[in-house]
Amino acid sequence: MAIPQSFIQELIARADVVEIVGRHVQLKKTGANYSGLCPFHSEKTPSFTVSPSKQFYHCFGCGKSGNAIGFLIDYAGMNFPEAVKDLAGQYGMQVPEEDISPAERARQAEQKQKQATLTDVLEKAGAAYRKHLRTSQKAVAYFKSRGVSGEIAKQFGLGYAPEGWRTLAGVFPEYDDPLLAESGLVVVNEDDDKRYDRFRDRVMFPIRNVKGECIGFGGRVLGDEKPKYLNSPETPIFSKGRELYGLWEARNALREAGYVLVTEGYMDVIGLAQLGFPNAVATLGTACTTDHVQKLFRFTDSVVFSFDGDAAGRRAARRALDGALPYATDVRTVKFLFLPPEHDPDSYIREHGTEAFARFVRQAVPLSEFLLEASAEGCDLGTVEGRSRMVSNAGPLWKQLPEGALKRQILGAIAERAQLGEHDLLELWGIVRPGQQKAPRRERKGSDAPYKRRAYGAGPRHAIKPRTIAMAEHIARAALRNSEAWDLLTNDDHHVLCELQSPHGDLFSWIDTRFHEHGAEPWAVLQLVVEGQPFAELAGRLIALDDMQPSGRAYEVEELGPDDLRRAMTAIHLEAVAAEIERVGKLPGTDPTRMERLYELSRKRQALQEAQKPPAKA
């Protein structure tokens, strides 16, 4: 259900952004505003400013800005509804839920109260475990043997659960409290109703959610007992398939490093933090899920999965691939790092050094390459049978990818290995019908009238700056030479180009219509049908630049590949976003959509700017 804009505005008016930010950033009064070190990037001189009068924060170093809701989204990794509900709870406000029955509202309120109570119980147990660690020589000796410093132990809240069966009875006088069992701290024997501590004689790793609240524990034995690692069970506040160990502790390091390293265990995360890689997290004894990947992409656009190089590591990587594919957009990076079988991250760094490990990370296998490897596993590509099996394996994986340039290029790579045409693959995978001339185009979301049913010159038009004209004409020239280039662009790209001012927008609308109705066509065909159109002169001039260099002026004519098209489109998108920010910024402050729209545009601009950055050199 959509949250009413009126409530959002009331919440922003009541919340104090200085108070919200000040809980996580040390702020100092500087005139009318407050300043501090930016929590979103590493800096030594404060460039982060919070304005109490405007109820806004802004960093002059990295460009991050927003209101109290935006800060919770950026800093804690919440989505918009989560941030609104969290902020509303801090100020005693109830998020409107008009379409929910009183019974359901009461149930949700009860569930929220129970979650808060369970968190309090776990926090209290965590404090007791930390206290026990200080008095346990063998637990301290274990952490020291793994090179864990007191600072890291404190940062991660490490502790120790003593050997006794009912140690927590000294922490919770009402040991039969149902909350102890529901939180996973106590096990109840169904036969005789006897109770005992779940974690005994184990070093303890508290698991925190994105708000920093303790929601569960992991425990490692100090002897030879089984299982070696034991996690809290599934509870109302803890699900292994959604949570990641160390994400709360790593949140700032992810932004500074630019990527997250996903490992396989608690001590991998602890060891990496100790050795200069605090941007690591770990799954909790389960395969990486789509929920895990979605949560990670709230904090960073680059994910590196780290696995052992043995067969088990390859299987785990294959499951992680399934989790990552639906979120592998053109502006995100997913890689797979395979360590030598004799090493984990900690031992590799200690033997080869941090720079060698950093270089190893940079050279990790890209998602596109690993998808091809996974598809070809067990297939002899030197035979027709092997290539056919590879095609069968690749189809379900490729279909999970979101639409975009990456998906198109991977299709081409699969086709090349299979020694088939791209259309043949789509036909074999049931995406196009046999005999169909071209793949069906994607429906454009957010528009009732596709461009193919739109008259040239109709609809909104956006002003074009000189730089945008140059980029747009590069793209138009490539599409006119062979309109198959049009299909290398995304739906959003098509919308932006077709909404440019005449005659450029009209030319792109015509190219779009032709491609929908006739598929890819060379200029020899387009030249015959463009005559009489209002943009015919523009089309002719663009193509003529390929064959003619007017005296006194030289034009650079170059072939645009997929990467060049992407760079040109990114520049055009940035110009369009800048123009929209300028327009929305002029809306009155009372407009309920103004702040949310500005924040949305700021996020989009940041994503585009990140996409412009060149890849890190190995």
### Query
Between the side chains of Thr289 and His292, is a donor N or O closer than 3.5 angstrom to an acceptor N or O?
yes
#### Entry: Test side chain to side chain contact (heavy atoms under 4.5 Å, CB included) applied to Leu367 and Ile410, step by step
CA-CA 10 Å; Leu367 175 141; Ile410 290 178; 4.3 Å; yes
#### Entry: Atom pair NZ (Lys399) and CG (Leu426), whose distance is rounded to the nearest 0.5 Å
9.5 Å
### Task
Decide side chain to side chain contact (heavy atoms under 4.5 Å, CB included) for Cys288 and Phe305; before the verdict, give the C-alpha distance in whole Å, the side-chain angles of both, and the deciding distance to 0.1 Å.
CA-CA 9 Å; Cys288 188; Phe305 293 103; 3.4 Å; yes
### Message
With a 4.5 Å cut-off on side-chain heavy atoms, are Val21 and Tyr75 touching?
### Response
no
### Query
If you measure from CD on Gln400 to OG1 on Thr290, what distance do you get to the nearest 0.5 Å?
9.5 Å
### Message
Counting only heavy atoms from other residues, nucleotides and ligands, does the tally under 6.0 Å from CD of Glu256 exceed 12?
### Response
yes
### Message
Quick one about Gln606 and Lys64 (side-chain donor to acceptor, distance below 3.5 Å, no hydrogens or angles considered), yes or no?
### Response
yes
### Query
Any salt bridge between Asp322 and Arg318, counting N to O under 4.0 Å?
yes
### Task
List the atom of Leu565, the atom of Ala478, and the distance in Å for their closest heavy-atom pair.
CD2-CB, 4.4 Å
### Nearest-0.5 Å distance that lies between atom CD in Gln409 and atom CG in Leu401
11.5 Å
### Task
Spell out, as yes or no, whether a donor-acceptor pair under 3.5 Å connects the side chain of Thr570 to the backbone of Leu608.
no
### Query
Any Lys/Arg nitrogen of Arg362 or Glu355 sitting under 4.0 Å from an Asp/Glu carboxylate oxygen of the other?
yes
### Query
Using 4.0 Å as the upper bound for N to carboxylate O, is an ion pair formed by Lys604 and Glu580?
no
### Side-chain touch Phe360/Leu339, heavy atoms, less than 4.5 angstrom
yes
### Query
More than 12 foreign heavy atoms under 6.0 Å from CD of Glu484: is that the case here?
no
#### Entry: Stepwise side chain to side chain contact (heavy atoms under 4.5 Å, CB included) test for Arg417 and Met390
CA-CA 9 Å; Arg417 289 201 178 189; Met390 186 269 288; 3.6 Å; yes
### Task
Just do the salt bridge (charged side-chain N to carboxylate O under 4.0 Å, His left out) check on Arg477 and Glu473 with the steps written out, would you?
CA-CA 6 Å; Arg477 186 180 301 115; Glu473 291 188 351; 5.1 Å; no
Below 3.5 Å, can you tabulate the donor-acceptor pairs from side chains in residues 323-331 to any protein atom, sequence neighbours excluded?
| unit_1 | atom_1 | unit_2 | atom_2 | d |
| --- | --- | --- | --- | --- |
| Asp330 | OD1 | Ala405 | N | 3.2 |
| Asp330 | OD1 | Leu406 | N | 2.9 |
| Asp330 | OD2 | Ala405 | N | 2.8 |

#### Entry: Aromatic ring pairing Phe535/Trp510, orientation class (parallel under 30°, perpendicular over 60°, tilted between)
tilted
### Query
So how far is it from Arg408 CZ to Leu488 CG, rounded to the nearest 0.5 Å?
6.0 Å
### Message
Distance check, rounded to the nearest 0.5 Å: Glu427 atom CD versus Leu420 atom CG?
### Response
10.5 Å
### Query
Ion pair present between Arg314 and Glu373, side-chain N to carboxylate O less than 4.0 angstrom?
yes
### Message
Quick one, Leu321 with Phe336, criterion side chain to side chain contact (heavy atoms under 4.5 Å, CB included). Give me CA distance, side-chain angles, the key distance, then yes/no.
### Response
CA-CA 9 Å; Leu321 176 65; Phe336 296 83; 4.0 Å; yes
### Task
State, with a plain yes or no, whether a side-chain heavy atom of Leu497 is found less than 4.5 Å away from one of Leu489.
yes
### Task
Decide whether a cation-pi geometry holds between Arg332 and Phe297; the criteria are a distance under 6.0 Å from NZ or CZ to the six-membered ring centre and an angle within 45° of the ring axis.
yes
### Query
Between the side chains of Ser509 and Asp512, does any donor sit under 3.5 Å from an acceptor?
no
## Note on the structure
Rounded to the nearest 0.5 angstrom, the CE-NE2 distance for Met569 and His474 is 13.5 Å
### Message
Surrounding CZ of Arg242 (heavy atoms of other residues, nucleotides or ligands, distance under 6.0 Å), is the total greater than 12?
### Response
no
### Query
Between Trp398 (side chain) and Trp429 (backbone), is there a donor-acceptor pair under 3.5 Å?
no
### Task
Find out whether Val281 and Val260 are in side-chain contact, i.e. whether some heavy atom of one side chain is under 4.5 Å from a heavy atom of the other.
yes
### Message
According to ring-ring contact (aromatic ring centres under 6.0 Å, His included), who are the partners of Tyr57, at least two apart in sequence or on a separate chain?
### Response
Phe48, Phe71
### Query
Looking at Arg389 and Asp380, does any basic side-chain N land under 4.0 Å from a carboxylate oxygen?
no
